[in-house]
Amino acid sequence: MTTSFTEMIKAVLKKIPRGRVATYGQIARLAGNPRAARQVVRVLNSSAEKDNLPWFRVINSRGGISLKRGQGYELQKALLENEGIVFGIGEIVDLKKFQWKPRVKKAGTRK
DNA sequence: AACCTGACTTCGG
DNA sequence: TCCGAAGCCAGGT
């Protein structure tokens, strides 16, 4: 099939549930290439608006917003807080609590 | 086809 | 724990 990496990334992005966040690396991993974090950025820049992707739910590995002040930082933070995400000391999100943990489809995952 | 770029991540000091 | 350097990758020029 013609499933490009970009398509995979978009698909993953669309799955991030409201009230949760995901890291660039995590998305890349879920899309099939653990080291393609930078490609995630590319996709967001090129198709976020166009494809209604929840770009604001994507943050860096430290749990912080990568955008700069005056360049979307404020907006992203506001959107996340609006969904219940909490920013603690250092404007950092507690990934332990808010990171999206998708169910991996594999035998034994049943509960 | 080579070179550049980026909302990253990891590693070493 | 903090900071800088190096590594990485695919799409655009």
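Note on naming: letters A, B, ... go to the chains in the order of the sequence lines (proteins, then strands), and numbering restarts at 1 for each one. Just so you know, these numbers come straight off a predicted model, no measurement behind them.
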Sugar-phosphate, base or nothing in reach of A:Ser46, heavy atoms under 4.0 Å: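 Here A:Ser46 touches no strand at all.
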Touch class at under 4.0 angstrom, heavy-atom based, for A:Arg35 against every strand present: sugar-phosphate
Between C1' of B:dG6 and NZ of A:Lys68, the distance in whole Å: 10 Å
Whole-Å distance separating the CD1 atom of A:Ile9 from the C1' atom of B:dA7: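 Going from CD1 in A:Ile9 over to C1' in B:dA7 covers 13 Å.
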Over all atoms of both residues, closest heavy-atom pair of A:Ala22 and A:Ile16: CB-CD1, 3.8 Å
Counterpart residues, side-chain hydrogen bond (donor to acceptor under 3.5 Å, both in side chains), relative to A:Glu83 (two or more places apart):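 Partners of A:Glu83 by the side-chain hydrogen bond (donor to acceptor under 3.5 Å, both in side chains) criterion, ordered by chain and then number, come out as A:Arg57.
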Summary of side-chain hydrogen bond (donor to acceptor under 3.5 Å, both in side chains) pairs that have at least one residue in residues 21-30 of chain A, sequence neighbours excluded: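 Qualifying pairs, neighbours excluded: A:Gln26-A:Gln99.
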Under 4.0 Å protein heavy-atom contact, by nucleotide of nucleotides 8-13 of chain B - B base, S sugar-phosphate only: BS----
A:Lys96 backbone acceptor or donor facing A:Asp94 side chain under 3.5 Å: yes
Transitive ILVMFWY side-chain link A:Tyr73 to A:Val21, under 4.5 Å: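 Same hydrophobic cluster.
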For A:Phe5, the rest of its hydrophobic cluster, which grows through side-chain links under 4.5 angstrom: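 Via sub-4.5 Å side-chain contacts, A:Phe5 links to A:Met8.
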Residue-phosphate contact under 4.0 Å: A:Asn45 side-chain N/O, B:dA7 OP1/OP2: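 The answer is yes; a side-chain N or O of A:Asn45 sits under 4.0 Å from OP1 or OP2.
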Nucleotide range of DNA chain C lying under 4.0 Å from chain A heavy atoms: C:dG7 to C:dG11
Check against side chain to side chain contact (heavy atoms under 4.5 Å, CB included), A:Phe56 and A:Leu67: CA-CA 10 Å; A:Phe56 56 88; A:Leu67 288 173; over 6 Å; no
Heavy-atom check, side chain of A:Arg42 versus side chain of A:Thr6, under 4.5 Å: no
Beyond-backbone contact of A:Ile65 with A:Glu91, side-chain heavy atoms, under 4.5 angstrom: no
Those residues of residues 69-86 of chain A lying under 4.0 Å from DNA chain B by at least one heavy atom: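 Within residues 69-86 of chain A, no residue comes under 4.0 Å of DNA chain B.
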Check against side chain to side chain contact (heavy atoms under 4.5 Å, CB included), A:Gln39 and A:Asn33: CA-CA 10 Å; A:Gln39 277 48 256; A:Asn33 189 331; over 6 Å; no
Audit row: A:Lys10, A:Val43, side chain to side chain contact (heavy atoms under 4.5 Å, CB included) steps and yes/no: CA-CA 7 Å; A:Lys10 287 183 188 175; A:Val43 172; 3.8 Å; yes
